[in-house]
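Keep in mind that the numbers below use all heavy atoms, side chains included, and drop hydrogens, waters and symmetry copies.
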Amino acid sequence: MLGVVLFGGGGEVPRPEAAGSGLGVQLGALRGANDLVRAGRDEVGREPALYPTAYGRLEASVGGAVPPVRGDALAEVVRRDAMDTAAWRAYYVCLATDADRRTAGGVIDRAGIRREAEREAGAYLRAPDRGDDAPTSLMTRAAFLRVLDCLGRGRDVPRAAVTRLAADTARVDQPAPALYAVEALRAAGVEATPTRVLREDASRAPDDCAGLEAVQRAALILLGGRSDRSTRACLRPALSDPDPQTRWLVRRALTRDAPEAAAALPPPAARVGADGLVARTPAQMGTLSATYDAARALAAGGRPGEAPGWLVAGLRRLGTEDGLDPADRVLLAMTCHRLSLECGPQAEKGAEEAAALTVPGRLTPDNRRSWYGAMSARAEFGLGCRPTVVDLPAGDPDLAGVAAVLGEAGCTERAAELVDGTDLVGLARRALRNGDLVAAAEAVRAALAAGVTVPQAFWDELPALLARHRDARYPDLYSEAAGGTAAADATLAAYLLLA
C-alpha cells in the first residue's frame, strides 16, 4: 500500500511501501493461552522451580530413568521458593529425591529449613487447621507425615494422629487425597481403606469422562478402582495437562496393570535437565494492552479485517464475561472499535465508560498513567480534545509520546507547543540507529501530530533501518531491539512508521 502524508513544509511526499501481508497469520506467534496477544514472543517464567521438579521427575520416572538431582542446585531452588511454607518445600524435596533420607535431609539442611519444616509438619498433624476442608486437611496431613518419615522423624508422630488420619481416609469423598493418605500411611506401616471413594466408584458410569477430573480418576484407578478401556480413554488426553502432578498420576494409572505399557505412551512432557531439575512451564497469557497494540498495527497496515479467527473469538468471548475490571472493559472496547468488531455487552459498556473518563486537568509524573489512558480512549473513539496542562520536566522521555497522543486526540496546537524547538526527526534517527524502535515511532508520531516537516531522506532510510528489527522467523512482526524476537509494541511501532 503506497500512502502519502502532508507535512508542514507543504506538498505530498511518497511514503515507503508498507509490509505486512502476513501480519494476521504471523500474529499466531504471539497468541496467548487465553486467545489474546502476548507482549512478546519469548516465553517467560521458565526457570527451574520446586513443584515442577518434584512432580516432573516423578512423571518422567514412570517407565524410564531420570538424571540424579544435584543437591546444591535443588537447595538453591528451595531457597528461592517464596510461595510455599517450609513443610511443603520439604515435601517437594522428598518427592524430588525419591524420599532418600540422606539426599533429602542434606538438601533441606543446605536450604536452612529443617527446623521450621519439622515444627510445622508436627504441629499440623497434632492439630489440623480447622479452617481447612476435609480433602485439604487429609492431603496436608498425608504430605506432612511423608515429610517427617523422610527426615527420620516418623516415630515422633503421635499414634492418635496416625489413627485419625486412617479413619478420615475411609470417610473422604475425593480419590486424590485418599490416595496420598493411603500411600503415606503405608510408608508408616499402617494400612487404610478408602471406603467411601471405592463405594461411590461402583455407582459411577465408566465412560462418563466429564463426571470426574483426570487427577481424581487416575487416583481412583491407583486405589483399585475400575480400569477398563473406557476409563483409560478418558485419561489419555490428560497426558498433556499443564499440571505435572496430574500427568504423573495419569501415567501411573495407565500403566498400573502393565508397567511395560509406558513405552507406548507419548514421551513425558516434563524435561529433566542434566542437574535433575525441571523448569516451570507457565501458561503464556496474552493481555488486552498487547492485543490493542496488535489491533492498531493491523489497522495501520491497512488490514483491520485480517485479524486472526482465534483473536476475534477471544475478544468476543471476553465481551460476554462478567466481572471484567472497568479498565479492561475500556481496552476491550477500544480494541474491538479499532477492528470494527461487535464484541458483546462488556465491550459496549466499555465504550460508554470510555466516553465518561475524565482527562486530568494537569498531567504530572504521578498521574501520567490515568492521563494517558483517558486521552488514548478519547483518541480511539474520536471524542475530541479536552483542555489539559502538561507539567513534565524538560527532557522527560515521555514528552514525544504525550505529544503524539495529544495530536491523535485532536489537541494539535497543544502538541505543537509541547515539542516546539525539539528535533523530533533527529530523535527518531538516533533511536533507530541505537536500536530503539518504539522511541523512534513515538518521535515520528509526535512530529506528525505537531505538523513538523519530515524530510524525504528519512523515509528513504527507513526500510533499511526497520529491516534490522524484523523477527527472523516471522518477518511481518518486529522486535524492540535489532536482532531480537517479536513484540507487540514494536510491531505497532513499525506499522505506524510505515503507515
Among V107, D275, I108, which residue meets the side chain to side chain contact (heavy atoms under 4.5 Å, CB included) test with L74? V107
Minimal heavy-atom distance between R57 and A96, with the atoms involved, is NE-O, 2.9 Å
Side chain to side chain contact (heavy atoms under 4.5 Å, CB included) between T491 and D471, intermediate numbers included: CA-CA 10 Å; T491 296; D471 188 298; over 6 Å; no
Test log, rule side chain to side chain contact (heavy atoms under 4.5 Å, CB included), inputs L492 and V438: CA-CA 8 Å; L492 169 59; V438 174; over 6 Å; no
Should S479 and L437 count as side-chain neighbours, where that means a heavy-atom distance under 4.5 Å? no
Side-chain ion pair, E120 and R126, N-O less than 4.0 Å: no
With the threshold set at 4.0 Å, does a side-chain nitrogen-carboxylate oxygen contact exist between R119 and E116? yes
R470 side chain to A472 main-chain N or O, any donor-acceptor pair under 3.5 Å? no
Nearest-0.5 Å distance that lies between atom CG in L465 and atom CG in L432: 5.0 Å
Residues, nucleotides or ligands: over 12 heavy atoms within 6.0 Å of R317 CZ: yes
So does L125 get a backbone contact from the side chain of R164, meaning a donor-acceptor N/O pair under 3.5 Å? yes
Check this for me, if you would: do D84 and R89 make a salt bridge, where the nitrogen-to-carboxylate-oxygen distance has to be below 4.0 angstrom? no
Are E480 and D489 close enough, and set up right, to give a side chain to side chain contact (heavy atoms under 4.5 Å, CB included), and what steps lead you there? CA-CA 8 Å; E480 294 172 354; D489 60 352; 2.8 Å; yes
Would you confirm whether S370, through its side chain, and N367, through its main-chain N or O, come within 3.5 Å as a donor-acceptor pair? yes
With no hydrogens and no angle check, is any side-chain donor or acceptor of T287 less than 3.5 Å from a backbone partner on A290? yes
Charged N-O contact under 4.0 Å between D436 and R430: no
Ignoring hydrogens, what is the shortest heavy-atom contact between D42 and R38? Give both atom names and the distance. O-NH1, 3.4 Å
With a 4.0 Å cut-off on N to O distance, would you call R101 and D149 a salt bridge? yes
Distance-minimising heavy-atom pair for V182 and A192: CG2-O, 3.9 Å
Can you tell me how far apart NE2 (H337) and CG (L332) are? Round to the nearest 0.5 Å. 13.0 Å
Check whether any side-chain heavy atom of W88 sits under 4.5 Å from a side-chain heavy atom of T140, and report yes or no. yes
Determine, stepwise, if the pair E213 / R217 fulfils salt bridge (charged side-chain N to carboxylate O under 4.0 Å, His left out). CA-CA 6 Å; E213 291 180 342; R217 186 178 297 276; over 6 Å; no
Going through the distances and angles, do D293 and Y495 end up as a side-chain hydrogen bond (donor to acceptor under 3.5 Å, both in side chains)? CA-CA 10 Å; D293 285 346; Y495 284 94; over 6 Å; no
Reported CZ-to-CD1 distance for the pair R256 and I221, which is rounded to 0.5 angstrom: 6.5 Å
Could you tell me whether R368 and D398 have a side-chain N and a carboxylate O separated by less than 4.0 Å? yes
Answer whether the closest heavy-atom distance between the side chains of T169 and V197 falls below 4.5 Å. no
Does the side chain of R280 reach to within under 4.5 Å of the side chain of P48, using non-hydrogen atoms? no
Can any side-chain N or O of R303 pair as donor or acceptor with the backbone N or O of G301 at less than 3.5 Å? yes
Keeping D476 on the side-chain end and G22 on the backbone end, is there a donor-acceptor pair under 3.5 Å? yes
Got a second to check how far T335's OG1 is from Y292's OH, nearest 0.5 Å? 7.0 Å
Closest approach of G63 and A262, non-hydrogen atoms and distance? CA-CB, 3.8 Å
Expected output: side-chain E59 to main-chain A270 donor-acceptor under 3.5 Å: yes
Kindly give the heavy-atom pair with the smallest separation between P135 and P177, and that separation in Å. O-CB, 3.7 Å
Looking at side-chain heavy atoms only, is the closest gap between L315 and W310 below 4.5 Å? no
Verify, without hydrogens or angle tests, whether T291 (side chain) and V37 (backbone) share a donor-acceptor contact under 3.5 angstrom. yes
Any ion pair linking D35 and R31 (charged N to carboxylate O, less than 4.0 Å)? yes
I'd like to know if R114 and E118 make a salt bridge, using a cut-off of under 4.0 Å between side-chain N and carboxylate O. yes
Please determine whether side chain to side chain contact (heavy atoms under 4.5 Å, CB included) holds for the pair T320 and Q346, giving the CA-CA distance in whole Å, both sets of side-chain angles, and the decisive distance to 0.1 Å. CA-CA 6 Å; T320 63; Q346 292 294 330; over 6 Å; no
Would you find a donor on one side and an acceptor on the other, under 3.5 Å apart, between the side chain of E306 and the backbone of G24? no
How far does CZ of R473 sit from CD of Q26, to the nearest 0.5 angstrom? 11.0 Å
Short question: side chain of T231, backbone of D228 - any donor-acceptor pair under 3.5 Å? yes
Hey, are D72 and R70 close enough for a salt bridge, meaning a charged N less than 4.0 Å from a carboxylate O? yes
Rounding to 0.5 Å, atoms CD (Q174) and CG (D133) come to a distance of 7.5 Å
Nearest heavy-atom neighbours spanning V402 and W371: CG1-CH2, 3.6 Å
May I ask you to test the D243-R247 pair for a side-chain heavy-atom distance under 4.5 Å? no
Would you say the side chain of V272 lies within less than 4.5 Å of the side chain of T53, judging by non-hydrogen atoms? no
Quick check: Y91 with F144 (ring centres under 6.0 Å apart)? no
Within the 4.5 Å heavy-atom criterion, are R41 and L477 side-chain neighbours or not? no
Parallel, tilted or perpendicular: ring planes of W248 versus Y55, cut at 30 and 60 degrees: tilted
Judged by modelled atom types alone, do S137 and R141 share a side-chain donor-acceptor pair under 3.5 Å? yes
